[in-house]
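Chain naming here is simple, since letters A, B, ... match the order of the sequence lines and numbering starts at 1 in each.
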Amino acid sequence: MLSPLPRRLSRRTLLLSSSAALGALSLGVLSACGNDDGGPEAIEIQPSAPEQPDENLLDELSLIGAYLGAIEAFPELRGTLTSIADQHSAHASELGATSEQIASIVPIAPAAARIKPVLAELIARERAGAELRAEAAQSSQDSERVRTLTYIAASEASHIPELRDVRANV
Amino acid sequence: MTYTDATAVAAIVRAIEAEQNFVYAAGLAGVYLTGRAKRQVLTQLADHQGRLQVYSQMLEPSSVPAPPPAFEPPTPFTDARSARAALAQLNNSLVGINADVAANTQAADRAFAIDGAQLCARAAVQWGAPSQAFPT
């Protein structure tokens, strides 16, 4: 199931769309300036490709939102889940998120109403995240990024037994 | 493949030395563990022996370090609790070592190192360490 993205992501998507639209609009205006009566020639400007959001960063931010939502729904899980959410914040920060961006993430309400299915959902998200980070490390051409993504993939793999322990004890 | 680049060789040598130490420590820890924990450490000992072999095959034979005569664990093993703590610590230290290998290798060798980092981070938590954002 698709989870709603945190508000920050929506804003970012909007900004990216806006910058692309602005680029297109600028080209239109410049073309309209060009005429046959000796006025200044329009300068052709190629719009720069809009920056693609980093899939891994978006996933980290979404994970933080999922943890915040689970903590809000089940405050008794606050201890372990806050610790893991903080680790995802560190991952997001390492992947380029600012502290303001992280602070503006809104909780994503869990799909399930009971505690064990919510923990199962988090385990599934961690597994998927660890795989995504491992694949990104595998395909990266930048050795520093390979190192960072490998650390993050390992950290996320370690959240799985930790969450299983929590699930076994609730 | 066989790596000859100095940075890659250094990362793989560190991984081999760390795996040699882990194998030694796992054998020692097994003395203090019983039941499921003992079976778990024996399984990990075999896994890490296998990993040691794979890393050794990434280097020219002359670059492979000889096993040390002994290994001083980070904290002395006196009982099951200290054995678990040492295994957790050794597993966490292997995460960064594997990440370094991943950063300096390619294709299947990189995948092997990434997988090793994930296995070690998971094992560290299973031995009782809390998870970390960047396991060390």
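Under a hydrophobic-cluster definition in which Ile, Leu, Val, Met, Phe, Trp and Tyr are linked whenever side-chain heavy atoms come within less than 4.5 Å, directly or via other members, B:F22 and B:F71 are assigned to the same cluster. Linking ILVMFWY side-chain heavy atoms closer than 4.5 Å, directly or via other members, places A:I123 and B:V125 in two distinct hydrophobic clusters. The cluster map of Ile, Leu, Val, Met, Phe, Trp and Tyr, joined by side-chain heavy atoms under 4.5 Å apart, puts B:W127 and B:L94 in the same cluster. The cluster map of Ile, Leu, Val, Met, Phe, Trp and Tyr, joined by side-chain heavy atoms under 4.5 Å apart, puts A:F74 and A:L163 in the same cluster. Using a 4.5 Å cut-off between side-chain heavy atoms of Ile, Leu, Val, Met, Phe, Trp and Tyr, with links allowed through other members, A:L63 and A:L57 fall into different hydrophobic clusters.
Atom CD of A:Q138 is separated from atom CG of B:D115 by 10.5 Å, given to the nearest 0.5 angstrom. The distance from atom CG of B:N92 to atom OG of A:S155, rounded to the nearest 0.5 Å, is 9.5 Å. Atom CD of A:Q87 and atom CZ of B:F134 lie 9.5 Å apart (nearest 0.5 Å). In this structure, the separation between OG on A:S143 and CG on B:D100 is 9.5 Å, given to the nearest 0.5 Å.
Taking a 6.0 Å sphere around CD of B:Q49, one finds it holds more than 12 heavy atoms contributed by other residues, nucleotides or ligands. More than 12 heavy atoms of other residues, nucleotides or ligands shown are found within 6.0 angstrom of CD on A:E76.
Residues A:Y151 and B:P135 form a side-chain contact, since some pair of their non-hydrogen atoms from C-beta on lies under 4.5 Å apart.
Of all the listed residues (B:A102, B:S131, B:A107, B:A99), the one sharing the greatest number of non-hydrogen pairs under 4.5 Å with chain A is B:S131. Ranked by heavy-atom pairs under 4.5 Å with chain A, the first of B:R122, B:R110, B:Q132, B:Q126 is B:R110. Ranked by non-hydrogen atom pairs under 4.5 Å with chain B, the options A:E162, A:R145, A:R164 are led by A:E162.
With a 4.5 angstrom heavy-atom cutoff, B:N104 touches chain A only via side-chain atoms. If you measure heavy-atom distances from A:E94 to chain B, the contacts under 4.5 Å come from the side chain alone.
Considering all non-hydrogen atoms of both residues, A:A90 and B:A133 come closest at CB-CB, 3.8 Å. Pairing each heavy atom of B:I114 with each of A:A137, the nearest pair is CD1-CB, 3.6 Å.
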